[in-house]
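Notes follow once the structure below has been shown.
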Amino acid sequence: MVGKERLLEAMEAYDAKLLFDYENLHGLAIQISTAKSIEKAIAHFKKVQGVVSVSQDELMQITKPE
């Protein structure tokens, strides 16, 4: 199986919600239940065949160089 099918199946089984499909980057943004641990979710999705990287969402701020 090639593509994101395995990940989409894993998301459904984990009761995660697809937020955004970054087609050009071959990535997805998902949301897990607040009842589930982010650390356990990251470990779970890292085990999905074909997944290269999993990271928690973070807010970054760009500032002007001084």
Side-chain angles (χ1 to χ4, degrees):
M1 190 181 304
V2 177
K4 55 188 153 203
E5 288 82 13
R6 282 196 176 106
L7 180 54
L8 293 172
E9 289 172 0
M11 285 174 42
E12 186 175 333
Y14 205 77
D15 197 27
K17 176 182 171 185
L18 177 65
L19 296 179
F20 197 80
D21 185 346
Y22 299 96
E23 293 180 16
N24 293 336
L25 301 174
H26 303 287
L28 302 175
I30 67 171
Q31 180 178 26
I32 62 167
S33 164
T34 56
K36 295 185 179 180
S37 156
I38 188 69
E39 292 82 10
K40 287 182 181 179
I42 289 171
H44 173 80
F45 289 109
K46 280 184 176 181
K47 294 177 187 174
V48 175
Q49 186 178 4
V51 171
V52 176
S53 174
V54 179
S55 60
Q56 184 174 354
D57 190 21
E58 61 182 293
L59 180 61
M60 300 178 90
Q61 184 175 4
I62 299 174
T63 59
K64 288 197 277 184
E66 294 187 29

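Scope of the values below: all heavy atoms of this structure, side chains included, with no hydrogens, waters or symmetry mates. Just so it is clear, the structure is predicted and the values come from calculations on it, not from any experiment.
Residues S37 and I32 approach most closely at O-CD1, 3.9 Å, considering heavy atoms. In terms of heavy-atom proximity, A16 sits nearest to I30 at CB-CD1, 4.2 Å. Closest non-hydrogen pair, V48 versus A10, comes out as CG2-CB, 3.6 Å.
Atom CD1 of I42 and atom NE2 of H44 lie 12.5 Å apart (nearest 0.5 Å). Here OG1 of T63 is found 7.0 Å from CD of Q61. Values are rounded to the nearest 0.5 Å. Within the model, atoms CZ of R6 and CD of Q49 stand 4.0 Å from one another, a figure rounded to the nearest 0.5 Å. Between the CG atom in L18 and the CD atom in E12 there is a gap of 12.0 Å [rounded to 0.5 Å].
M11 and L19 are not part of a single hydrophobic cluster, where members link through side-chain heavy atoms under 4.5 Å apart.
Residues that satisfy the side chain to side chain donor-acceptor pair (under 3.5 Å) test with Q56, not counting sequence neighbours, are absent from this structure.
At least one side-chain heavy atom of L28 sits under 4.5 Å from a side-chain heavy atom of L8.
A donor-acceptor contact shorter than 3.5 Å links the side chain of K36 to the backbone of Y14.
Sorted pairs that involve residues 38-48 and meet salt bridge (charged side-chain N to carboxylate O under 4.0 Å, His left out), not counting sequence neighbours, are lacking altogether.
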